[in-house]
A.B. asks: 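Below is the structure I would like to discuss, written out as structure tokens.
Letters A, B, ... mirror the listed sequences (proteins, then strands); counts begin at 1. Given the structure is predicted, the values throughout are model-derived calculations rather than measurements. Below, all heavy atoms of this structure are taken into account, side chains as well, without hydrogens, waters or symmetry copies.
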Number of protein chains: 2
Amino acid sequence: MDQPMREIPAAARHAIGELARRTGVKATTIRWYEQEGLLPPPARSEGGHRLYSDDHLRRLGFIRHARELGFAMPAIRTLLGLAGRPREDCTTAHALAKAQIAEIDSRLRRLEALRTELAGMAAACEGGPAQDCRILETLADFEHGHCQHHEHETG
Amino acid sequence: MDQPMREIPAAARHAIGELARRTGVKATTIRWYEQEGLLPPPARSEGGHRLYSDDHLRRLGFIRHARELGFAMPAIRTLLGLAGRPREDCTTAHALAKAQIAEIDSRLRRLEALRTELAGMAAACEGGPAQDCRILETLADFEHGHCQHHEHETG
DNA sequence: CTTGAACCTCCAGCCACTGGAGGTCCCATA
DNA sequence: TATGGGACCTCCAGTGGCTGGAGGTTCAAG
């Protein structure tokens, strides 16, 4: 009997392109994460190519997932740190998640308001020359809503 | 009788700070708009301070309003151009507004999905040590959703 | 005339990457 | 073993839409 069990998976070596393919994070971005200290520097081949372990793969997946959920980099750093200290209480993670939800809620409200206003503008416009266009008119009404919504989001 | 009518309002001169106060756009941003060609260079005082006309004020209001609605700079340039050619058909404005609505709709859908996932994570976590934290667990599940949502928005 | 707020220019920095230039390495096939 | 071409390397500049600071000048009120 051969003994394939001795090959522990965590030691597998993956090129950057493979990591990119498997996580959906571009190779350039992976290198940038390394530079920023989010991902530890991997081993290198003799020629200098990066060789990643399964730990790298997992960590990168964690980062990607957190990014997709809209967590900012500082929050991700915190979460990564916490994930690496399993005995610590997870209150921080909880707080970060709640803050993220609150952030998303505020964006949702803002976007819904924008949507309503845009839809109103678009519906009011009946075509024809620009001088009669309700869209342009509404935009030009610069006094409008000046004090109502100065929470800025840009979209 | 004096003749105050001769003082046409469009010729009034406003300092950059006044423009900033009245439009809610910071002075630095106003200067930057000028640099980017969104706002024409205003007159200057002898000492070099910018002196804006009411036309500037209106144009800046237009820009601010469009920005608040989430239009990107290129779209704003187009809208400004259109607003300056009143005889032209406003189809372009209509199309831009519709595109903006579509963009907002897509962001809304994405944010709603994120909200759902985050809320689920937060609800599943019952506190305790990080090693049992469902939030961290979910984040670490890097295979998760890899193929479902690769429209990226980052929140 | 003095004060100090407002203004000026220039330039660097923010976030989270992205892309290009110019070169090197790896490995599958002939 | 040679070769071709794709994957990889580093370095650096650019993206959008501003923002802030340094260091100096001007303006208007008192």
A.B. asks: What integer distance in Å separates B/Arg22:CZ from C/dA6:C1'?
C.D. replies: 18 Å

A.B. asks: For a side-chain contact (heavy atoms from CB on, under 4.5 Å) with A/Leu139, tell me which candidate from B/Leu82, B/Leu79, B/Leu80 qualifies.
C.D. replies: B/Leu79

A.B. asks: Does C/dT18 have OP1 or OP2 sitting under 4.0 Å from an N or O in the side chain of A/Thr29?
C.D. replies: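 For C/dT18, OP1 or OP2 has a side-chain N or O of A/Thr29 closer than 4.0 Å.
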
A.B. asks: What contact category does B/Ala15 fall into here, base, sugar-phosphate, or nothing, at under 4.0 angstrom with non-hydrogen atoms?
C.D. replies: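 Sugar-phosphate, backbone atoms only, no base.
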
A.B. asks: Where do A/His56 and A/Glu34 land on the side-chain hydrogen bond (donor to acceptor under 3.5 Å, both in side chains) test, with the steps shown first?
C.D. replies: CA-CA 10 Å; A/His56 282 108; A/Glu34 178 183 336; over 6 Å; no

A.B. asks: Given D/dC9, is OP1 or OP2 found less than 4.0 Å from the side-chain N or O atoms of A/Arg31?
C.D. replies: yes

A.B. asks: Once you round it to whole Å, what is the distance between P of D/dG17 and OH of B/Tyr33?
C.D. replies: 9 Å

A.B. asks: According to a strict under-4.0 Å criterion, is B/Lys26 in side-chain N/O contact with OP1 or OP2 of D/dG20?
C.D. replies: yes

A.B. asks: Are side-chain heavy atoms of B/Arg77 and B/Glu36 found at a separation under 4.5 Å?
C.D. replies: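 Side chain of B/Arg77 against side chain of B/Glu36, heavy atoms only: contact under 4.5 Å found.
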
A.B. asks: Given C/dC17, C/dG19, D/dC9, which nucleotide is nearest the side-chain atoms of A/Thr28?
C.D. replies: C/dG19

A.B. asks: For A/Arg21 and D/dG6, give me the distance from atom CZ to atom P, rounded to whole Å.
C.D. replies: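 Those two atoms, CZ and P, are 17 Å apart.
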
A.B. asks: Looking at C/dC15, I'd like to know if its phosphate oxygens (OP1 or OP2) sit under 4.0 Å from a side-chain N or O belonging to A/Arg67.
C.D. replies: no

A.B. asks: In whole angstrom, what separates B/Leu38's CG from D/dG16's P?
C.D. replies: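 From B/Leu38 CG to D/dG16 P: 12 Å.
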
A.B. asks: OP1 or OP2 of D/dC27 sitting under 4.0 Å from any side-chain N/O of B/Ser45?
C.D. replies: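 Checking D/dC27 against B/Ser45, a side-chain N or O does come within under 4.0 Å of OP1 or OP2.
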
A.B. asks: Should A/Arg50 be listed as having a side-chain N or O under 4.0 Å from OP1 or OP2 of D/dC8?
C.D. replies: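 Indeed not, no polar side-chain atom of A/Arg50 lies that close.
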
A.B. asks: When the distance from CG of A/Leu60 to P of C/dA16 is rounded to whole Å, what number comes out?
C.D. replies: 16 Å

A.B. asks: So, does A/Arg13 get its side chain near the phosphate of C/dC26, meaning an N or O under 4.0 Å from OP1 or OP2?
C.D. replies: no

A.B. asks: At what distance, to the nearest 0.5 angstrom, does CD of B/Glu112 lie from CG of A/Asp105?
C.D. replies: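 Taking CD in B/Glu112 and CG in A/Asp105, the distance rounds to 10.5 Å.
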
A.B. asks: What is the separation between atom NE2 on B/His14 and atom P on C/dA6, rounded to the nearest whole Å?
C.D. replies: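 To the nearest whole Å, that distance equals 18 Å.
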
A.B. asks: B/Ile76 CD1 to D/dG16 C1': how many Å, rounded?
C.D. replies: 12 Å

A.B. asks: Please report the interatomic distance SG(A/Cys133) to NE2(B/His94), rounded to the nearest 0.5 Å.
C.D. replies: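 Reported value, rounded in 0.5 Å steps: 8.0 Å.
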
A.B. asks: NE2 of A/His49 versus C1' of D/dG6: gap in Å, rounded?
C.D. replies: 11 Å

